[in-house]
Amino acid sequence: MDLRLLKKRFYERDPKIVARGLLGKKIVRRFGNISLEGLIIETEAYYGSKDPASRAFYGMKNYNKSMWGEPGSIFIYNVHNNWMFNIVAHEFRKVGAILIRALEPLKGIEVMKVNRGVGDLRLIASGPGRLSRALNIDKSLNNKTVTSDHSEIFIVDNNIEFDIGTSYRIGVKIDLDEKLRFFIKGNKYVSR
DNA sequence: CGCCAGATTGACT
DNA sequence: GTCAATCTGGCGG
């Protein structure tokens, strides 16, 4: 049992709070006897019916229903042949999720390079589709939890210092009048 | 079944 | 900066 494991209560808060809080944390991906690790560099917060950029905006569908799930569960969907990895995060009885947009590769780097078919460290996981490929993330993880250290993916606390940058969200058609993208300022693994 | 849009990526001018 | 490939899921007929 890793005492630094982030539990459900961490995710049961306003999505933008959780999005900031996830920066600098360590994500651990396990499958078979392989363990891959990365530092969370960039996140975005999404809400429910008040957020036109959210997959939950038009109500519950088959493909987005896990966004209504337990805080700390996984929400995955596809955009242009890329799997978007989200962690469900919202206050009690609300809807929301955090999109993980970039990682700094820490462990299992050779495996990640093979998964991505590139050698440049900065190209391995700096982008939501890229990090999913690097970590073998696809639809099969949808609705599973990250709050157990027996999970295929979980997140642990990390004691590092950094400054946080913010911006509007990337790639969305209609954004809210609030900056909901967060990243570690000056870090070279931030997506473009 | 066909059509279309999308929280992207990679290649290129 | 521009642009098209590629695929999943929703929706209409």
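Numbers restart at 1 for each chain; the letters A, B, ... are given by sequence-line order, proteins then strands. Basis for what follows: all heavy atoms, side chains included, without hydrogens, waters or symmetry-related copies.
One atom, CZ of F57(A), and another, P of dG9(C), lie 22 Å apart when rounded to the nearest Å. The interatomic distance linking I137(A) (CD1) with dT8(B) (C1') rounds to 15 Å, in whole Å. Whole-Å rounding puts the Y77(A) OH to dC7(C) P distance at 18 Å. One can place CD1 of I76(A) at 12 Å from P of dG9(C), the figure rounded to the nearest angstrom. Rounded to an integer number of Å, the gap from N78(A) CG to dA5(C) P is 17 Å. Taking atom CD1 of I100(A) as the reference point, atom C1' of dT8(B) lies 17 Å away to the nearest angstrom. A straight line from CD1 of I174(A) to C1' of dG6(B) spans 13 Å, rounded to a whole angstrom. The separation between R130(A) atom CZ and dT8(B) atom C1' is 9 Å, rounded to whole Å.
With dT8(B), dG10(B), dT6(C) as the candidates, the nucleotide lying closest to the side chain of P128(A) is dT8(B). Checking dT9(B), dT8(C), dT6(C) against the side-chain heavy atoms of W83(A) singles out dT8(C) as nearest.
Note on L22(A): it does not cluster hydrophobically with Y47(A), by side-chain heavy-atom contacts below 4.5 Å among ILVMFWY residues.
With salt bridges taken as basic N to acidic carboxylate O contacts below 4.0 Å, none links E104(A) and K188(A). For the pair R9(A) and E12(A), the salt-bridge criterion is not met [side-chain N within less than 4.0 Å of a carboxylate O].
Checked by distance alone, R192(A) brings a side-chain donor or acceptor within 3.5 Å of a matching partner on the base of dG10(B).
Residue N62(A) is in sugar-phosphate contact alone, with no base atom involved, counting any heavy-atom pair closer than 4.0 Å across all strands shown.
In this structure, N64(A) and H80(A) both approach DNA chain C, and ranking their closest nucleotides by distance from the 5' end singles out H80(A). Each of N86(A) and V118(A) has a nearest nucleotide on DNA chain B; the 5'-most of these lies closest to N86(A).
Under the Watson-Crick and G-U wobble criteria, each requiring two contacts below 3.5 Å, nucleotide dT6(C) is left unpaired.
Using a 4.5 Å heavy-atom threshold, the side chains of L23(A) and T43(A) count as touching.
Between K139(A) and dC7(C), a side-chain N or O to OP1/OP2 separation shorter than 4.0 Å is absent. The phosphate of dA5(B) has neither OP1 nor OP2 within less than 4.0 Å of any side-chain N or O from K173(A). Residue R116(A) places no side-chain N or O under 4.0 Å from the OP1 or OP2 atom of dT9(B).
The salt bridge (charged side-chain N to carboxylate O under 4.0 Å, His left out) test with E42(A) singles out one residue from R181(A), K185(A), R130(A), and that residue is R181(A).
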